[in-house]
Amino acid sequence: MTDYWNLDAALAEETTVPLRFKFGVAGVARVLEPGSTANDISAGTKVEAPLWLSAALSRRGMASMSAPEMYSERYRRKINAGAECMNLKGRAPYFYDVGNKCNEFMQDLTLSAFLSRTYATRYRELVSKGLSTVSGEDMLELQSKLSLEELSVFEAGRSSVARAEMWSRGARLRTAAAAAPSRKRASARGDAEGREPRQRVEG
Amino acid sequence: MAPTASLFEYVASKLDEPPLTPEELEFMAEHEKVTIVPNFTLNLPNSMLTCIEGTYGPFRPNIPVEVPMYLALALNRRNKCRIQPPAWMAREKLKAVLDEERTIPQYFQPVPQYYVETAKMLFAEARAIFGTNAEVNEIMDLVEELKKVRNSKILDGLRKVSGPITVKLNNLSASESNKIRLLFENSLNMWHQLAKNNKEWQEIQMTGTMDTPATL
């Protein structure tokens, strides 16, 4: 079972996919098809349902699902032509995750090869921008196009290089806890020294 | 057929607590041995200093002795010794390694495992051991150059990775491998997951059935 508690994985499954019901479903028409007038969904209707629902129903043979628009022929041609320029964050933030999950249910051999190819091209850009120490517009521009999975890889690279840079320049990670004790120690020392001579004189 | 795992399981967000921080690497680098020339006599039997992790000495004036870096730096701060620059930091040696590094793009030259950390610590606390100001700057520049050349080599190598393959990265120093650790590991995991999906599909085609288990 996939990691039940992983928040990102749960959000990924919220993406809607086209779902075609084999049997009728009672009472959920308003939820799945916001504009419908009837209460029930008749057999053979096509709706856009979240991935978690579609996957569960397909596994039980109650419905058949297909891949979202992002993996259709038209988009594939676009992506194959210019993979690193596609803005995945806006259109399909969970591009790879959803693609992987759809792969189970669809008669499509080429889907995962297509995903690998896309990732290969975008990965090159990821590495160059992620591990360089110069931040700037290039990096921001790339970041806005990455899907969320790519973004975490990119962040991992960027943060480890940033830490190494900060360390080599002698800076320390600024945290509130680190700053406070030094001030307290200095003031406490001052107070103690002030108090002691007075006590000796009195005693 | 088991449900496919999410890619987010692998691309774990260990961003706030990385498995190894540069400060921890510096701590480990302090264990490397350097030669020092003490200017005191240790008032203990045999002039040996027994620490938890080893015994060092004998500490007699003007007689060189090998100690770990943390001890050398501590003594240096109290003006009790003179640290001798490590052999690999001689100007000619650095120049030779730098040239080799530049001319052979496929391999990395063997360098001390903690060269970045050692160089940083020595330049910060014991600049004078390298000679005059000009000489110190020269060696600092050489080490910086070495870091940059190796860094760009690493990036070139990483860019060529295009699948869940094994990559050969010999002679990488500790700080360099730490820089690429998270990114490299996570992207290899992503590759692996995408490829696994592909294989599962091909197996299903071969067996010809697609069973639908009742449980999720």
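Letters go in sequence order (proteins before strands), and every chain restarts at 1.
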Smallest separation among heavy atoms of [X] and [Y], with atom names:
X	Y	answer
A:Ser168	B:Lys120	O-CE, 4.0 Å
B:Arg159	A:Arg124	O-CG, 3.5 Å
A:Ala156	B:Leu183	CB-N, 4.2 Å
A:Ser116	B:Trp191	O-CZ3, 3.5 Å

So which part of [X] gets closer than 4.5 Å to some heavy atom of chain A, the side chain, the backbone, both or neither?
X	answer
B:Ser152	neither
B:Asn178	backbone
B:Ser175	neither

Just wondering, more than 12 heavy atoms not from [X] lying within 6.0 Å of its [atom1]?
X	atom1	result
B:Tyr107	OH	no
A:Lys22	NZ	yes
B:Lys33	NZ	yes
B:Arg181	CZ	yes

Nearest 0.5 Å please: distance from the [atom1] atom of [X] over to the [atom2] atom of [Y].
X	Y	atom1	atom2	value
B:Asn186	A:Phe154	CG	CZ	14.0 Å
B:Lys179	A:Arg158	NZ	CZ	14.0 Å
A:Ser159	B:Leu182	OG	CG	6.0 Å
A:Arg163	B:Glu23	CZ	CD	7.5 Å

*Side-chain (A:Tyr119) to main-chain (B:Met190) donor-acceptor, under 3.5 angstrom*: no
*Side-chain donor-acceptor pair under 3.5 Å between A:Trp167 and B:Glu26, yes or no?*
yes
*Side-chain contact test, heavy atoms from C-beta onward, threshold under 4.5 Å: evaluate it for A:Val127 versus B:Phe184 and give yes or no.*
no
*Check side chain to side chain donor-acceptor pair (under 3.5 Å) between B:Gln84 and all other residues, then give those that pass, not counting sequence neighbours.*
none
Return a table of donor-acceptor pairs under 3.5 angstrom between the side chains of residues 95-104 of chain B and protein atoms on other chains or two or more places apart.
| from | atom 1 | to | atom 2 | distance (Å) |
| --- | --- | --- | --- | --- |
| B:Glu101 | OE1 | B:Arg150 | NH1 | 3.2 |
| B:Glu101 | OE2 | B:Gln109 | N | 3.4 |
| B:Glu101 | OE2 | B:Lys153 | NZ | 2.7 |
| B:Arg102 | NH2 | B:Glu145 | OE1 | 2.5 |
| B:Thr103 | OG1 | B:Asp99 | O | 3.0 |
| B:Thr103 | OG1 | B:Glu100 | O | 3.1 |

